[in-house]
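In this chain, numbering begins with 1 at the start of the sequence shown.
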Amino acid sequence: MPDFLNLRPRRLLGVAWPFLLLMGLRPSSCGGQEPDSTEKPHPVAPVTAKPNEVANGYFLLPIKPGQPNFLAASMGELRPNHFHGGLDIKTDGRVDLPVYAAADGYISRMKQSSFGYGNVLYITHPNGLTTVYGHLNHFRGPVAEEMRRQQYQKKTYELELFFQPTQFQVKRGELVALSGNTGGSAGPHLHWEVRDAQDNQLNPLQWGGFSEIQDHVAPTVLAAAVEPLSIDGRVQGRFEKRLFTPTRAAGTGYSVADTIPAFGTVGLLLQAFDRFDGAWNKNGLYRVSVRVNGQPFYTHTINGIGFPGETREVNQHIDYEYLMTSRRTFEKLWVDDGNRMRLYQTGPTKGKLLVEAGKIYDVEMRLEDAYGNATPLHLVLRGQEPEYWQTRSSATRKPALRYEVVRNILRVTADDTAREAPNLTLTRGNRQRQLRPSYTDQGRTVYLYDLRAGLPDSLRFPGLRRAQPFDRVAAIPAGQERLFATPFVNLAFAPRTTYDTLYLQTTYKDGLWKVQSAVTPIQEALRVTLKPETLVVDKQRTAACLIRGNARIWQSGQWEGEFFSFNTRLFGQFKLVTDVTPPSGRLVSKGAAGVVFKVGDDLSGLASYQLEVNGQFRLLRFEHKNSTLFSERDDKLGPPLRGPARLTLRDMAGNEKVISVTL
């Protein structure tokens with residue numbers, strides 16, 4: 001479709017923000033920084049934390065320089081599937097504020113898009129660094145004219161251009177654009193980044209900050225947590241994450257009042273945020289360090305994020321499953337298996353703390369922002385060797401069994417009325433293994449088993465007539481290509497599809513495929529091939545949909561004979577769905593200010609559009625946040641908006657809608 005604007009298939013009209021909410025993730029002030037579906041992953045290059053060429057004050061603040069200003073977001077904040085890659089600078093809640101070049105250089109790249117960074121400009125500087133200006137409303141200067149000329153030449157609004165150093169040179173403080181709210185932005189602001197030659201995103205505040213942005217506010221602690229990381233690990237006698245709400249005392253910071261009994265290998269977690277002066281936004285932390293018994297134990301500092309190779313590692317930096325189930329974001333203060341980021345300074349245990357019986361571990365956390373404000377948090381662990389214990393509830397329960405997989409540990413919980421907890425039996429074919437109870441808490445007995453010893457196929461418990469099937473069908477190691485197949489589905493794992501060993505769940509019933517759980521993250525795309533039981537007649541308009549509640553999210557792919565294949569970065573339930581309804585559209589307004597169309601699609605999403613006036617191509621801009629197509633006033637290259645016009649819309653399934661109007 002060379003004459004059409006092709007919208008990115010992963011961002012569907014009317015889906016982007018509802019889908020974030022569906023996942024329990026609120027739209028932030030700046031979205032869309034996860035790499036585009038077209039962005040090619042490259043090997044992670046070393047992050048240049050502080051290039052020698054950069055002196056304090058080298059960069060000009062690109063919005064309202066020299067005037068008091070505020071940040072809506074800081075570098076490295078924890079976002080859905082990515083770290084926030086720069087600063088979000090407030091623009092007084094409006095668009096079209098002047099955006100200035102942060103330093104001398106040349107415009108090396110620019111892009112107009114309805115998604116992600118929206119309209120974005122890249123300026124490369126003599127020291128090899130590049131500044132990025134995102135969510136712009138309009139470009140300014142000769143480069144804007146070049147963009148418009150090529151859009152008409154290629155008959156597309158969505159366009160990315162690259163330039164040579166001699167083409168569009170700019171000076172520090174030169175007007176290059178007007179601020180906006182385009183792309184994945186959830187409100188007017190400027191997203192501003194500094195990158196090195198390898199595209200690593202660097203923290204602009206590491207070079208002394210900016211006088212326009214004041215920060216005298218130390219970080220705030222919401223909660224701390226301690227979690228067992230080994231099969232013998234316990235926190236307060238239990239194999240489960242335990243949360244603590246610290247109290248704050250003037251002059252001494254935060255502390256957890258009671259000593260926490262623990263044993264084995266455990267990990268510390270933190271929920272906290274930072275604020276700048278005069279702003280309500282909850283921002284991310286710059287540095288977190290941990291000392292144990294006065295000795296350095298763990299530190300992470302947000303000076304640079306490898307892009308795009310590292311940014312999705314945020315799902316290893318946080319407790320992703322807990323986020324998806326509780327809607328609370330905890331940072332792990334250890335380096336988990338499969339985490340390749342270089343934010344960390346640790347010893348040989350990578351921040352995992354081995355707690356021995358009878359010993360005391362005095363833990364001091366220090367939370368810092370980029371302006372040097374710091375908050376201490378203190379807690380004490382006491383080593384207490386685990387032993388079987390039981391408490392009994394007076395409530396009568398029928399025997400019941402449930403289980404979950406925590407990293408490589410199978411944790412089984414049995415509700416039972418027996419006075420003494422019996423053994424649990426794991427079966428694999430003709431083989432059996434007896435598990436002794438670890439502890440009984442109010443009539444619920446917990447059993448633990450390391451899945452690295454082999455996967456069972458069922459669990460048997462006294463009092464239950466039937467064995468309970470175990471739904472993990474294979475162990476998929478990280479770092480390897482692996483193919484898993486059943487009569488109903490093929491799954492092709494790339495070396496970096498999973499962060500760590502994945503204990504795979506997959507089932508099929510009545511046209512619904514389940515592949516793992518939505519609470520498990522994917523790093524690089526998984527190739528899924530669905531094998532339907534019955535023939536699909538209308539393959540051209542049929543594709544897989546990810547089913548989340550009442551929502552259906554279209555998955556673009558290809559039919560290969562009777563099988564449908566697609567790439568996904570989300571686990572969950574999939575169904576083959578046929579879209580036979582064309583897009584919708586209507587003319588909202590026409591006049592001297594231009595034309596506006598309201599458009600939409602009920603399932604697969606809008607794929608492309610084209611407006612012709614008197615048979616000539618006319619450029620339109622798409623805004624997914626309000627589902628409109630509109631002309632721009634400063635467009636002098638297109639034909640006049642007068643006379644007969646045709647707007648052609650196509651959705652991802654190939655359905656077409658033609659709207660004829662007279663302008």
Side-chain angles (χ1 to χ4, degrees), residues 46-51 54 56 71 73-79 82-88 193-194 196 200-210 213-225 246 248 252-255 267-277 279 281-292 294-306 310-311 313-314 316-319 329-336 339-347 349-353 363-379:
V47 171
T48 307
K50 190 169 183 179
V54 180
N56 291 355
L71 295 184
S74 59
M75 168 81 183
E77 287 184 14
L78 310 173
R79 299 291 178 82
H82 68 279
F83 286 95
H84 187 242
L87 306 180
D88 284 354
E193 296 181 13
V194 177
D196 66 16
N200 294 305
Q201 298 168 316
L202 309 181
N203 193 336
L205 298 180
Q206 67 182 291
W207 300 298
F210 296 92
I213 309 298
Q214 292 294 306
D215 185 1
H216 300 88
V217 183
T220 298
V221 177
L222 296 177
R248 187 172 190 173
T252 60
Y254 293 83
S255 62
L268 306 171
L269 302 98
L270 177 69
Q271 184 185 24
F273 65 88
D274 185 44
R275 281 195 169 113
F276 292 87
D277 290 2
N281 309 80
K282 293 181 178 179
N283 306 121
L285 305 177
Y286 175 67
R287 178 181 291 117
V288 177
S289 56
V290 179
R291 299 177 74 88
V292 177
Q295 298 301 311
F297 189 72
Y298 166 95
T299 299
H300 75 251
T301 304
I302 308 293
N303 269 339
I305 305 292
E310 282 190 346
T311 189
E313 297 276 3
V314 69
Q316 279 289 80
H317 182 76
I318 66 170
D319 189 332
T329 303
F330 277 83
E331 297 185 66
K332 302 172 185 175
L333 303 186
W334 74 88
V335 184
D336 218 342
N339 187 339
R340 306 187 316 152
M341 297 195 73
R342 296 143 299 151
L343 304 176
Y344 311 102
Q345 292 179 310
T346 68
T349 66
K350 296 186 177 180
K352 301 172 185 178
L353 180 60
V363 178
E364 189 78 33
M365 303 182 195
R366 182 178 174 87
L367 293 57
E368 299 177 57
D369 62 30
Y371 282 71
N373 304 296
T375 296
L377 167 62
H378 180 252
L379 58 88

What is the minimum heavy-atom distance between [X] and [Y], and which atoms define it?
X: Gly85; Y: Glu193; result: O-CG, 3.4 Å
X: Arg291; Y: Pro296; result: NH1-CG, 3.6 Å
X: Gly76; Y: Ile302; result: CA-CG2, 3.5 Å
X: Leu285; Y: Ala272; result: CD1-CB, 4.0 Å
X: Thr346; Y: Val335; result: CG2-CG2, 4.1 Å
X: Ala224; Y: Leu377; result: CB-CD2, 4.1 Å

Could you check whether any side-chain heavy atom of [X] comes within less than 4.5 Å of a side-chain heavy atom of [Y], counting everything from C-beta outward?
X: Thr220; Y: Thr375; answer: no
X: His300; Y: Met341; answer: no
X: Asn281; Y: Leu71; answer: no
X: Val221; Y: Leu270; answer: yes
X: Trp334; Y: Lys350; answer: no
X: Asp369; Y: Arg275; answer: no
X: Pro376; Y: Arg366; answer: no
X: Leu268; Y: Phe297; answer: no

Ring geometry between Tyr298 and Tyr344 (parallel below 30°, tilted from 30 to 60°, perpendicular above 60°)
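Rings of Tyr344 and Tyr298: tilted, as their planes differ by 30° to 60°.
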Could you check whether any side-chain N or O of [X] sits under 3.5 Å from a backbone N or O of [Y], counting only pairs where one atom can act as donor and the other as acceptor?
X: Glu77; Y: Ser74; result: yes
X: Tyr371; Y: Phe276; result: no
X: Asp196; Y: Leu202; result: no

Return the [atom1] to [atom2] distance between [X] and [Y], rounded to the nearest 0.5 Å.
X: Leu269; Y: Lys332; atom1: CG; atom2: NZ; value: 8.0 Å
X: Arg342; Y: Glu313; atom1: CZ; atom2: CD; value: 9.5 Å
X: Gln201; Y: Phe83; atom1: CD; atom2: CZ; value: 10.5 Å
X: Leu222; Y: Lys282; atom1: CG; atom2: NZ; value: 6.0 Å
X: Arg287; Y: Leu367; atom1: CZ; atom2: CG; value: 11.5 Å
X: Met75; Y: Ile305; atom1: CE; atom2: CD1; value: 5.0 Å

Identify which one of Asn203, Asn303, Thr301, Asp274 satisfies the side-chain hydrogen bond (donor to acceptor under 3.5 Å, both in side chains) criterion when paired with Tyr286.
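For Tyr286, the side-chain hydrogen bond (donor to acceptor under 3.5 Å, both in side chains) test succeeds with only one of Asn203, Asn303, Thr301, Asp274, which is Asn303.
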What do the steps show when you test Val314 against Arg79 for side chain to side chain contact (heavy atoms under 4.5 Å, CB included), and what is the final call?
CA-CA 8 Å; Val314 69; Arg79 299 291 178 82; over 6 Å; no
